[in-house]
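Let me begin by presenting the structure, written as C-alpha cells, before commenting on it.
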Amino acid sequence: MNHAGYSTIKDMEQYGYGTRLNGMTSSWVPGSGQTWHSFNDNIDYNDATSWAKWWGAGWVRAGIAGYTAGGGDDLTQTLSGLPDFKTDVTTSQGLPPLLKTKWAQEGSSNNAWVVPAASGLRQDLGIAPADYIVKWLSSWVQEFGIDGFRCDTAKHVEQYRWKQLKDSTNAALQTWRANNPTKPGANWTDNFWMTGEVWGHGISKDSYYSNGFDSLINFSFQNSNLNDLEGLFSSYASQLNSDSDSSFNALSYISSHDTKLYDRNSLIQAGTALLLLPGGVQTYYGDESGRVFGATGSDSTQGTRSDMNWSSMNTDVLQHWQKLGQFRNNHPAVGAGTHKLLASSPYTFSRTYTNAAKGIDDRVVVATGASGSTSVTVSGVFGDGTLVRDAYTGATTTVSGGKAVFTAGSKGVILIEAAGPIQYDPSVSASPAGGKFTTDEVSVTLSTAYADTSTYTTDGSEPSATNGQTYTNGTIITLGSGLAVGESVTLKLWAVKDGKNATASYTFTKADPPAGLTIHFKKPSTWSDPQLYYYETTPTTTGPTWATSPVMTLESGSWYVYTIPAVDSARVIFKDASGHQTPAANQAGVLRTQESWFDGTSWYTQNPDDSTAPTAPTELQASAHTSSSVTLAWNAATDNVGVTGYNIYRDGVLVGTATGLSYTDSGLTGSTLYKYTVKAKDAAGNLSPASNEVSVTTDVETGNSVTVYYKPGYSTPYIHYRPEGGTWTTAPGVAMTAAEVSGYYKITVNIGSASRLEAVFNNGSGTWDNNGGSNYFFNPGTSTYFGSGVIIPGAPTTADQVTIKVKVPSTTTDSDSVYLAGSLNSWNAADPAYKLTKNTVDGTYSITLSLAPGTSIQYKITRGAWTSVETTSSGGDVTNRTYTTVSGNQAIGITVAKWKDK
C-alpha cells in the first residue's frame with residue numbers, strides 16, 4: 001500500500017523505461033571499488049521522457065525527473081528512497097505506463113498465470129491508484145482464502161485507506177468461503193485479520209485500531225526488563241486480556257530485522273519471557289536456534305538477516321523454545337487468559353481462559369526459577385485429586401493440598417496442564433482487581449466459579465456463609481461513593497464448595513485524576529514548530545497518530561511546551577512538519593515519568609537555561625503559635641519563569657518546604673525562642689535571598705497533654721479515649737473540631753500522670769476504627785493520625801509531602817540502618833539522603849519526602865545493600881512498591897516481611 005519496489009535494470013530492459021548509460025545491462029556485477037549500489041552511477045535519472053514510461057507522475061512520488069519529490073512528512077516521504085504510492089489521490093490517473101507495457105507484452109499467453117479473481121482488474125477502471133491496489137490485494141484473498149495481512153510501514157499510508165483495505169478483504173474472504181464450502185477454513189466466522197507495523201508503537205490503543213487493524217507490532221517488548229516477569233506479565237495481561245476490551249491485541253517480538261538480534265547468550269531467558277507473554281507473539285527466525293549476527297556491508301542491520309544456521313543449531317536453546325512454543329500452541333490461556341500471581345518463590349502464576357461460545361475452558365500453571373523437587377501452588381486452578389502433567393518434562397502427579405510436586409527440568413521451568421478430568425475448587429475474583437480510581441464511584445464485576453455459596457463484604461468484616469451479601473457470577477457492584485481522595489474501601493470475597501473455601505481481597509483507593517505530564521523542548525533553529533508524539537501512557541489513554549501529533553506551544557526563547565492530559569508517564573518523540581525527529585527514525589520514544597526538559601542533547605527535571613533566582617518573600621510573620629508549634633505566613637515572591645515553592649529555615653537550618661504562603665513548624669519545645677526565614681525557589685533550583693527574619697517564643701507548656709490531629713476517615717470524626725490505664729470517655733466519645741490546618745480535625749487532652757493516650761475513632765453512628773482491636777496510642781506532645789494505622793509525630797503541614805512509615809522484621813538490630821532506594825535516587829541502596837529515622841517508642845522507621853502532586857515513585861526498602869533488600873515472607877523478590885502523591889500532607893504505612901540476608 002505504501003510504496004512500489006525500486007526500479008531494476010532487468011525491468012528497465014524488459015519494459016523500456018529509464019535511460020541506462022555506458023552499456024549497462026542486467027548482467028552487471030560490481031567491479032573493483034564498487035558496491036551493488038554503484039549501478040546507479042550508470043542510470044540517467046534526469047531523462048523525464050524515458051522515466052514517464054515507468055509508473056507515471058500520477059501514481060508515485062520519486063526523486064527523479066518528471067515526478068513529484070517526496071515530502072517531509074510520514075504520508076508523502078519516499079521511505080528509504082522507495083517510490084511512494086500517491087494513496088492520497090482520490091481521482092483516476094489512468095493505468096501506469098509500466099503495467100500497460102507489461103500486460104501488452106504478455107497478451108493472452110499469460111492468462112493461465114493470472115489470478116482468476118483479478119482477471120477483470122487488468123484494465124483502466126477509472127479509479128484512483130489506492131483503489132486499484134486495494135482491489136488487487138483483495139483478489140488474492142478471494143482466490144486463495146488468505147485470512148490475514150501483515151501491513152508494513154503502516155504509518156506512511158492514510159488510515160482510512162487501511163480501513164478500506166480491511167472492508168474489501170473481509171468481503172473477499174466471505175466470497176472465497178462461499179465458493180469453497182468444503183475447504184478448511186470455509187466454516188470459520190472470523191473476520192479478515194490485519195496486523196500493522198507502525199514504527200515505534202508500543203502497547204497503546206489508538207485510532208489505528210478503529211481503521212482496520214486488529215493488532216499492531218509492539219516495539220517496546222525487546223527492551224523490557226526480563227528479570228521482572230511478574231511486572232511484565234501482569235502489565236501486558238491487564239492491558240491486552242481485559243474483559244472490558246477483548247478486541248485489543250498486540251504482536252510482540254524479541255528480535256527484529258529492523259532493530260537488533262536479542263543477546264544470543266540470553267535466549268533461554270528470552271524464550272521463557274516471550275513464549276509465556278500475554279497477547280500475540282512472533283518468533284523471528286533463528287531466535288529459537290541461536291542464529292548469529294551476520295555480515296553487514298552497507299546496511300548496518302543486514303546482519304540481523306543472516307543465513308539460517310541449519311548446520312550449527314544450538315540444540316539446547318531449540319529444545320527449550322520448542323517445549324514452550326508447543327505448550328503455548330496447545331493452550332490459548334497462555335496468550336489470551338487471565339493472569340494471576342500464585343507464589344513468589346519459585347515465581348508461579350496461572351492463566352485461565354474461558355470462551356463459552358467456542359467451548360473453551362483452558363487453564364495452566366507455570367513456575368520459573370525452580371530447582372529439584374518443587375511443590376508448586378495450583379490451588380484455585382486445579383483441585384485436589386486432579387492428575388496434572390509438567391509439559392516440559394512429561395512427568396505427571398496428582399494434586400494434593402493445593403500443591404503439585406514435580407522435579408524441575410534443567411531450565412527451571414515447570415509447565416503444568418491437566419492430564420485427566422479436572423477437579424475444580426471454588427474460585428472468586430473481581431475486575432478491576434483493586435487499585436486507584438478517579439471517578440466518583442467504580443463499578444466492579446464479581447466472579448465466582450464452582451461454588452455452592454458466594455458472599456462479599458465492604459465493611460472490613462470477613463465474608464462467610466452467615467455474613468455478607470450473596471452474589472452470583474457476573475454480579476456488578478458499585479464502590480467508593482462518598483470517599484474522599486486518598487481514602488480506600490476493601491472488597492472481600494468468599495465462596496465454598498464441598499467444604500473448600502476460596503477467598504480474595506481487593507482494596508480500591510480514590511485518587512485525583514493525573515494532572516498531566518508536561519514536556520518541554522528546546523527547538524533547534526532548523527526545525528519548524530515542534531510536535532509531540534506520545535504513546536505507552538500510564539494510565540492507558542488513546543494517543544495521537546504520527547500525523548496528528550499535537551503542536552507544542554512556545555513558552556519563552558526557543559523553549560516549547562506541551563502537557564499530555566491525564567497521564568503520569570509516557571514515551572515521547574519530538575518531530576516537526578519538515579521531517580525532523582528525535583529520537584531518530586527507528587528508535588523508541590524516551591520514557592518520562594515527571595515534568596521534563598530536553599535541550600536537544602540531555603534531559604533535565606528542571607529548566608537548564610534558567611539561572612535567574614526568584615525575589616525574596618516579604619512580610620514574614622508568625623500568625624499563630626502554641627507551646628509546640630509556630631505557624632508562619634508571608635507574601636509571595638516572583639520569578640522570571642515561576643516560583644515552585646518555598647524553603648523554611650529555623651535558626652538557619654532547613655526544616656520544611658511549602659508550595660503555598662504558610663507553614664506550621666511543629667514538635668517544638670515550650671518557652672523557647674526560635675528565629676525563622678523563608679526563601680523562594682524555582683523549577684531550576686534557584687533560591688531567592690532570605691526573607692526578613694522573624695523571632696518567636698513558643699508558649700509555656702501546661703501539664704502533660706497530648707494533641708492529636710486526625711485526617712478524615714470520617715466526615716464527622718469522634719475520638720473515644722482514656723489516659724492509658726484510666727477511665728474511658730462515654731461512647732462515642734468527643735467530637736473532634738476542625739484544625740487550623742485545612743482538611744484535619746484536632747483535639748488536645750491532658751493525660752495527667754499517664755504515659756500515653758489510648759484512643760479509637762468513629763463516625764458517631766456506630767462505625768469504628770480501633771486498629772483491628774489493638775487501639776491507638778499517642779505519646780505526650782503532638783501527633784497526626786493519617787488512617788490505616790499510620791501515626792506520625794508532629795502536626796500536619798500544608799506542604800506537599802508524604803511520610804512513609806515502615807514496620808521492620810524482628811531480626812532488625814539496633815545497629816542496622818534502613819534506607820529507601822528507588823526511582824528518586826537512581827536505586828541507590830545506601831543513599832544517606834534517603835536514610836530512614838527510627839522511632840525509639842514503637843521501633844518503626846520513617847522518612848518524609850517533599851514531592852509535587854501527581855509524582856509517581858517506585859521504591860524498595862533496604863538495609864544499605866541489595867543483598868539485604870526486603871523480600872516476601874518466603875524470601876522471594878518483592879515487586880517494586882509504587883505510590884503517586886496527591887496534594888497536601890500524606891502518610892502511608894508499609895511492612896517489610898523479611899530481609900534477604902536474614
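Computed from a predicted structure; not experimentally measured. In what follows, residues are counted from 1 in the order of the sequence shown.
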* Heavy atoms from other residues, nucleotides or ligands near CG of Asp814 exceed 12 (cutoff 6.0 Å) -> no

* **Exam field: side chain Asn692 to backbone Leu620, donor-acceptor pair closer than 3.5 Å** => yes

* **Test item: Ile792 and Ser783 side chains (from C-beta on) under 4.5 Å apart, heavy atoms** => no

* Do Val760 and Asp769 touch side chain to side chain, with heavy atoms closer than 4.5 Å? -> no

* Can the ring centroids of Tyr646 and Trp634 be said to lie less than 6.0 angstrom from one another? -> yes

* How long is the gap from CG on Leu341 to OG on Ser234, to the nearest 0.5 Å? -> 8.5 Å

* To do: Just jot down the side chain to side chain contact (heavy atoms under 4.5 Å, CB included) partners of Ser235, sequence neighbours excluded, or say none.
  => Gln239

* Asked: Can you name the salt bridge (charged side-chain N to carboxylate O under 4.0 Å, His left out) partners of Lys807, sequence neighbours left out?
  -> none

* Do the ring planes of Trp827 and Trp866 sit parallel (below 30°), tilted (30 to 60°) or perpendicular (above 60°)? -> tilted

* Structure fact -> CD1 of Ile751 to OG of Ser705, rounded to nearest 0.5 Å, is 8.0 Å

* To do: Please name the pair of heavy atoms, one in Thr872 and one in Ser344, separated by the smallest distance, quoted to 0.1 Å.
  => CG2-OG, 3.8 Å

* Please check if atom NZ in Lys436 has more than 12 non-hydrogen atoms from other residues, nucleotides or ligands closer than 6.0 Å. => yes

* **Ser823 to Ser856 - nearest heavy-atom pair and separation** => OG-O, 4.4 Å

* Asked: Salt-bridged, Glu870 to Arg863, with N to O below 4.0 Å?
  -> no

* State, yes or no, whether a side-chain contact exists between Lys510 and Val442 at a heavy-atom distance under 4.5 Å. => no

* Structure fact -> Hits for side chain to side chain contact (heavy atoms under 4.5 Å, CB included) against Ser755, two or more places apart or cross-chain, chain-then-number order -> Glu724

* Do the side chains of Ser873 and Lys898 get nearer than 4.5 Å, heavy atoms only? -> no

* **Proximity of Tyr663 and Tyr676 rings by center, below 6.0 Å** => no

* Interatomic spacing from OG in Ser505 to OH in Tyr456 - rounded to 0.5 Å -> 14.5 Å

* **Step-by-step side chain to side chain donor-acceptor pair (under 3.5 Å) determination, Thr538 to Ser569** => CA-CA 5 Å; Thr538 303; Ser569 67; 3.3 Å; yes

* Asked: Any side-chain heavy-atom pair from Thr644 and Thr659 closer than 4.5 angstrom?
  -> no

* Asked: Under a 4.5 Å cut-off applied to non-hydrogen side-chain atoms, are Thr707 and Lys746 in contact?
  -> yes

* **side chain to side chain contact (heavy atoms under 4.5 Å, CB included) between Leu446 and Ile477, intermediate numbers included** => CA-CA 8 Å; Leu446 308 183; Ile477 63 173; 4.1 Å; yes

* Asked: At their closest point, which heavy atom of Leu493 faces which heavy atom of Pro463, and how far apart are they?
  -> C-CG, 3.9 Å

* Tyr745 ring center near Tyr709 ring center (under 6.0 Å) -> no

* Give the minimum heavy-atom separation between Gly794 and Thr784, together with the two atoms involved. => O-OG1, 2.7 Å

* To do: Measure the CD-OG distance between Gln469 and Ser454 for me, rounded to the nearest 0.5 Å.
  => 13.0 Å

* To do: Measure across Asp568 and Pro514 and return the closest heavy-atom pair with its distance rounded to 0.1 Å.
  => OD1-CB, 3.4 Å

* Counterpart residues, side chain to side chain donor-acceptor pair (under 3.5 Å), relative to Thr618 (two or more places apart) -> none

* Verdict with supporting geometry, Tyr710 and Phe761, ring pair (Phe, Tyr, Trp, His ring centres under 6.0 Å) -> CA-CA 9 Å; Tyr710 176 84; Phe761 301 93; 4.7 Å; yes

* Crowding at NZ, Lys675 (>12 non-hydrogen neighbours, <6.0 Å) -> no

* Distance in Å, Ile719 CD1 paired with Thr729 OG1, rounded so as to fall on 0.5 Å steps -> 8.0 Å

* So, for Ala622 and Val696, which heavy atoms are closest and what is the spacing to 0.1 Å? -> CB-CG2, 3.4 Å

* Those residues that, when tested against Lys860, pass salt bridge (charged side-chain N to carboxylate O under 4.0 Å, His left out) (two or more places apart) -> none

* To do: Would you please name every residue forming a side chain to side chain donor-acceptor pair (under 3.5 Å) with Arg722, sequence neighbours left out?
  => Glu758

* How about Asn686 and Lys681: do any of their side-chain heavy atoms sit closer than 4.5 Å? -> no

* To do: Starting at CD1 of Ile804, measure out to OG of Ser846 and round the result to the nearest 0.5 Å.
  => 10.0 Å

* **Under the salt bridge (charged side-chain N to carboxylate O under 4.0 Å, His left out) test, residues paired with Glu230 that sit two or more places apart** => none

* To do: Can you sort out the partners of His720 under ring pair (Phe, Tyr, Trp, His ring centres under 6.0 Å), two or more places apart, ordered by chain and number?
  => Trp728, Trp768

* Would you check, one step at a time, whether the test side chain to side chain donor-acceptor pair (under 3.5 Å) holds for Thr871 with Trp899? => CA-CA 6 Å; Thr871 69; Trp899 298 116; over 6 Å; no

* Could you go through the ring pair (Phe, Tyr, Trp, His ring centres under 6.0 Å) check for Tyr776 and Tyr785 one step at a time? => CA-CA 9 Å; Tyr776 295 103; Tyr785 174 63; 4.7 Å; yes

* **Lys835, NZ atom: more than 12 neighbouring heavy atoms under 6.0 Å** => no

* Is there a side-chain contact between Leu483 and Phe508 (heavy atoms, below 4.5 Å)? -> no

* Asked: Would you call Lys492 and Asp459 a salt bridge, using N to O less than 4.0 angstrom?
  -> no

* Structure fact -> side chain to side chain contact (heavy atoms under 4.5 Å, CB included) filter on Thr478, not counting sequence neighbours, yields Glu441, Ser443

* Structure fact -> Residue set satisfying side chain to side chain donor-acceptor pair (under 3.5 Å) with Lys340, at least two apart, ordered chain then number -> none

* Trace of the side chain to side chain contact (heavy atoms under 4.5 Å, CB included) decision for Leu836 with Leu820 -> CA-CA 7 Å; Leu836 278 65; Leu820 181 148; 4.0 Å; yes

* Run the numbers on Asn467 and Ser461 for side chain to side chain donor-acceptor pair (under 3.5 Å), then give the verdict. => CA-CA 8 Å; Asn467 184 49; Ser461 64; 3.1 Å; yes

* Structure fact -> Sorted by chain and number, sequence neighbours left out, side chain to side chain contact (heavy atoms under 4.5 Å, CB included) with Thr503 holds for Trp494

* Asked: Cut-off 3.5 Å, side chains only: do Thr848 and Thr803 have a donor facing an acceptor?
  -> yes

* What residues form a side chain to side chain donor-acceptor pair (under 3.5 Å) with Thr455, not counting sequence neighbours? -> none

